Amino acid sequence: MAHPTQLGFQDAASPIMEELLHFHDHALMAVLLISMLVLYIISVLMTTNLSSTNTIDAQEIEMVWTIMPAIVLIVIALPSLRILYLMDEVSNPDMTVKTIGHQWYWSYEYSDFTDLNFDSYMIPTKELEPGHFRLLEVDNRMMIPIGTAARILITAEDVLHSWAVPTLGVKSDAIPGRLNQTSFLIAHPGIYYGQCSEICGANHSFMPIVVEALPVKNFLNWVTTNQNT
């Protein structure tokens, strides 16, 4: 959960988000080194009297400043491509949940269980209990067992939406007439918040997402309680 004055990302709750955080730090170090080099060159040019004829024609320097950027791009691109493939790979999921975006709420269907589906609406501010977060709490949370590879099928019924939970490293568009899929594995119990990330109308900011991860035994008890209700 994000907090005021926070400068970095939220803590990762899935392996994919951990990879994204590592790549962010990796790319940031490359940007920092490039910035320091450019600043050094600018300071040298401003403080040095360029009187040498070697500065007019220097093949070695031209080769260096042509090859070095290519190397930097490769160093950044290879980890990025690896993470893209990891995020796109959905193989042998343990469970599947279909998410449907509406104006302005979400619906969830658990395909592996009989008659387990529900709508998830934002709780109005006046009905919030102490400790709940304004504009982020819902009446029915999406429940996922920890240590389970979950596949999420995402679509919409009316307009474009986007199902996004930053802590899990998940963001996928919900498009009417089309199924997108993503996956994640939650490592430890917790409650993770997200919001629709595609402007979808007047109440776009009032359709939050809440994913609650709990032990498998507790999840099966929840399934038994909520089936056929």
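Note that this is a predicted model, so its numbers are computed, not measured. By convention here, the first residue in the shown sequence is residue 1.
Val216 is linked by a side chain to side chain contact (heavy atoms under 4.5 Å, CB included) to Pro145, Leu220, counting only residues two or more places apart in sequence or in another chain. Not counting sequence neighbours, the partners of Met17 by the side chain to side chain contact (heavy atoms under 4.5 Å, CB included) test are Phe9, Ala12, Ser14, Leu20, Leu21. Every residue two or more places apart in sequence or in another chain that forms a salt bridge (charged side-chain N to carboxylate O under 4.0 Å, His left out) with Glu19 is listed here: Arg82. Annotation: ring-ring contact (aromatic ring centres under 6.0 Å, His included) contacts of Phe23 (sequence neighbours excluded): none. For Arg141, the salt bridge (charged side-chain N to carboxylate O under 4.0 Å, His left out) partners are Glu137, Glu212, not counting sequence neighbours. A search for side chain to side chain contact (heavy atoms under 4.5 Å, CB included) contacts involving Glu89 returns Ser91, not counting sequence neighbours. Partners of His102 according to the ring-ring contact (aromatic ring centres under 6.0 Å, His included) rule, which considers only residues two or more places apart in sequence or in another chain, are Tyr105. Taking Tyr110 as the reference, nothing meets the side chain to side chain donor-acceptor pair (under 3.5 Å) condition, with sequence neighbours excluded. For Leu33, the side chain to side chain contact (heavy atoms under 4.5 Å, CB included) test picks out no residue, with sequence neighbours left out. Listed by chain and number, the residues in a salt bridge (charged side-chain N to carboxylate O under 4.0 Å, His left out) with Arg134 amount to none (sequence neighbours excluded). With sequence neighbours excluded, no residue forms a side chain to side chain donor-acceptor pair (under 3.5 Å) with Asp139. Annotation: salt bridge (charged side-chain N to carboxylate O under 4.0 Å, His left out) contacts of Glu157 (sequence neighbours excluded): none.
Residues Ser35 and Leu39 are not in side-chain contact: their nearest non-hydrogen atoms beyond the backbone lie 4.5 Å or more apart. A heavy-atom distance below 4.5 Å is found between the side chains of Leu135 and Phe206. Side-chain contact between Leu179 and Lys98: present, with at least one pair of heavy atoms (C-beta onward) separated by less than 4.5 Å.
Across all their heavy atoms, Ile175 and Thr155 have their closest contact at O-OG1, 3.2 Å.
Met122 and Val159 are not part of a single hydrophobic cluster, where members link through side-chain heavy atoms under 4.5 Å apart.
In terms of modelled atom types and a separation under 3.5 Å, the side chain of Asn180 and the main chain of Ile154 share no donor-acceptor contact.
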